[in-house]
Amino acid sequence: MRGRWAGMVGVLLVAVVSGCGTGVSAGQEYADERADEMAEHLARNFQRGGFALHRLPVEVAYALRSHDSSVIRGVQLLRMEEQEGDTAVVEVRISVVTEAESVSGFRLGEAREAARAVRCYRYEFAAHGLDGQAQVLPDDCAGRDPLPVPLPPEVANLGDDDDEVVRQALATGAEPEELERLLQRDGVIVRAGSTNGWVGVALLVPPPGDDCLMGRRGPAGEVEVWFPPGVTVAPGEGSCDAVTAATAGAQRSPH
């Protein structure tokens with residue numbers, strides 16, 4: 001849902017192949033793979049609804065916490081730093097424990113032993129969001145002290161007052177970047193953009209909230225604002241984003 005940037009950003013994997021000469025067991029290889037999958041999951045979390053660099057602690061809170069606001073199991077925050085030139089760095093440590101079991105396929109008959117993986121990853125951000133792939137850090141990161149994961153803002157609600165605020169902001173003729181600044185508030189993701197002469201804006205309350213408000217302004221200055229039915233912005237349907245707003249999508253239930 002969070003997304004100017006479509007598609008998955010994979011983890012830059014370190015190739016490890018169990019077998020002769022590597023010293024990496026099947027169990028350890030499997031645990032390392034599970035840690036890499038969690039790192040990919042965090043990358044997708046950072047991309048939901050885009051990324052606002054000036055709200056780095058809030059973005060980290062959403063990415064590293066579950067829907068119930070608890071920190072995702074096995075994930076620790078090591079670094080969260082804004083840097084010069086509109087960039088930022090986030091580093092995390094991921095710990096995974098896997099159970100022993102038999103392995104089928106090309107290792108038929110071979111047992112995969114229980115294993116534990118402790119791997120660390122760096123996420124680099126530019127103003128537009130995640131910049132490239134997550135990078136696997138050296139093994140010595142395991143001894144670093146973790147930082148507290150920021151708390152997300154309280155769950156916001158969108159109502160008639162927000163409808164009027166969006167309507168007035170669009171009527172000013174502001175361009176997308178200015179609209180995002182005008183409408184920004186705690187607990188709400190604001191995304192604006194333009195398509196075929198129409199400027200669209202979407203206000204989204206991220207999980208555990210699910211409110212969505214959209215508006216758009218046409219070439220002649222005409223303004224529309226609406227609350228889309230929940231089913232229209234559910235997974236598998238549309239998205240609560242600027243493109244959907246600019247094209248007047250998600251106004252009626254598709255079912």
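Please read these numbers as outputs of a predicted model, since none were measured by experiment.
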**Request:** Give me the one residue out of Val71, Ile72, Val92 that meets side-chain contact (heavy atoms from CB on, under 4.5 Å) with Val149.
**Result:** Val71
**Message:** Between Thr87 (side chain only) and Glu84 (backbone N and O only), is there a donor and an acceptor less than 3.5 Å apart?
**Reply:** yes
May I have the list of side-chain donor-acceptor pairs in residues 165-174 shorter than 3.5 Å, sequence neighbours left out?
{"from": "Arg167", "atom 1": "NH2", "to": "Asp163", "atom 2": "OD1", "distance (Å)": "3.2"}
{"from": "Gln168", "atom 1": "NE2", "to": "Glu164", "atom 2": "OE2", "distance (Å)": "3.1"}
{"from": "Thr172", "atom 1": "OG1", "to": "Ala169", "atom 2": "O", "distance (Å)": "2.6"}
{"from": "Thr172", "atom 1": "OG1", "to": "Ala174", "atom 2": "N", "distance (Å)": "3.3"}

**Request:** Please name the pair of heavy atoms, one in Gly193 and one in Ala242, separated by the smallest distance, quoted to 0.1 Å.
**Result:** N-CB, 3.4 Å
**Asked** Would a distance-only check, ignoring hydrogens and angles, find a side-chain to backbone donor-acceptor pair under 3.5 Å from Ser70 to Ser66?
**Response** no
**Message:** Please report the interatomic distance CZ(Arg181) to CD(Glu175), rounded to the nearest 0.5 Å.
**Reply:** 11.0 Å
**Asked** Phe46 vs Tyr123 aromatic rings, parallel, tilted or perpendicular, using cut-offs 30° and 60°?
**Response** tilted
**Complete:** CD (Gln83) and CD (Glu124) are apart, to the nearest 0.5 Å, by 7.5 Å
**Asked** Hey, does Pro228 have a side-chain heavy atom less than 4.5 Å from the side chain of Cys240?
**Response** no
**Prompt:** More than 12 heavy atoms of other residues, nucleotides or ligands under 6.0 Å from CD of Glu81: is that the case?
**Reply:** yes
**Message:** Minimum heavy-atom separation for Ala114 and Ala100, please, with both atom names.
**Reply:** N-CB, 3.5 Å
**ILVMFWY network linking Leu64 to Leu53, side-chain heavy atoms under 4.5 angstrom** = yes
**Prompt:** Side-chain heavy atoms under 4.5 angstrom apart, residues restricted to Ile, Leu, Val, Met, Phe, Trp, Tyr: same cluster for Val223 and Leu203?
**Reply:** yes
**Request:** Let me know which of Val90, Leu42, Asp36 forms a side-chain contact (heavy atoms from CB on, under 4.5 Å) with Tyr121.
**Result:** Asp36
**Prompt:** Between Ala63 and Asn45, what is the shortest heavy-atom contact and its length?
**Reply:** O-ND2, 2.8 Å
**Request:** Taking the side chain as every heavy atom from C-beta outward, state whether Arg185 and Asp162 have any atom pair closer than 4.5 Å.
**Result:** yes
**Prompt:** Where is the tightest heavy-atom contact between Pro146 and Gln76, given as atom of each residue plus distance?
**Reply:** CG-NE2, 3.7 Å
**Message:** Please report the interatomic distance CG(Leu182) to CD(Glu177), rounded to the nearest 0.5 Å.
**Reply:** 12.0 Å
**Connected via hydrophobic side-chain network under 4.5 Å: Val58 and Leu151** = no
**Prompt:** Quick one: does Arg144's side chain get under 4.5 Å of Leu137's, heavy atoms only?
**Reply:** yes
**Request:** Report the distance from atom NE2 of His54 to atom CD of Glu82, rounding to the nearest 0.5 Å.
**Result:** 9.5 Å
**Message:** Minimum heavy-atom separation for Leu78 and Cys141, please, with both atom names.
**Reply:** CD1-O, 4.4 Å
**Prompt:** Do Leu130 and Leu56 belong together in a cluster built from hydrophobic side chains that touch within less than 4.5 Å?
**Reply:** yes
**Request:** Start with the C-alpha distance between Thr98 and Arg112, add both sets of side-chain angles, then the distance that settles side chain to side chain contact (heavy atoms under 4.5 Å, CB included), and finish with yes or no.
**Result:** CA-CA 10 Å; Thr98 57; Arg112 184 174 64 214; 5.9 Å; no
**Message:** Please check: side-chain N/O of Glu91 versus main-chain N/O of Leu77, any donor-acceptor pairing under 3.5 Å?
**Reply:** no
**Request:** Quick one: do Trp226 and Arg216 satisfy side chain to side chain contact (heavy atoms under 4.5 Å, CB included)? Show the steps, please.
**Result:** CA-CA 9 Å; Trp226 67 97; Arg216 69 174 190 158; 4.1 Å; yes
**Fill in**
dist Tyr30:OH -> Glu99:CD (nearest 0.5 Å) comes out at 9.5 Å
**Asked** If you look at every heavy atom in Ala35 and Ile94, which pair is closest and at what distance?
**Response** O-CD1, 3.9 Å
**Prompt:** Would a 4.5 Å heavy-atom cut-off, applied to side chains only, mark Glu180 and Arg191 as touching?
**Reply:** yes
**Asked** Are any non-hydrogen side-chain atoms of Cys212 and Phe227 less than 4.5 angstrom apart?
**Response** no
**Test item: Val205 and Asn157 side chains (from C-beta on) under 4.5 Å apart, heavy atoms** = no
**Request:** Indicate yes or no for a side-chain donor-acceptor contact from Gln135 to the backbone of Arg122 under 3.5 Å, with no hydrogens or angles considered.
**Result:** no
**Gap between atom CD of Glu33 and atom CD of Glu37 - 0.5 Å precision** = 7.0 Å
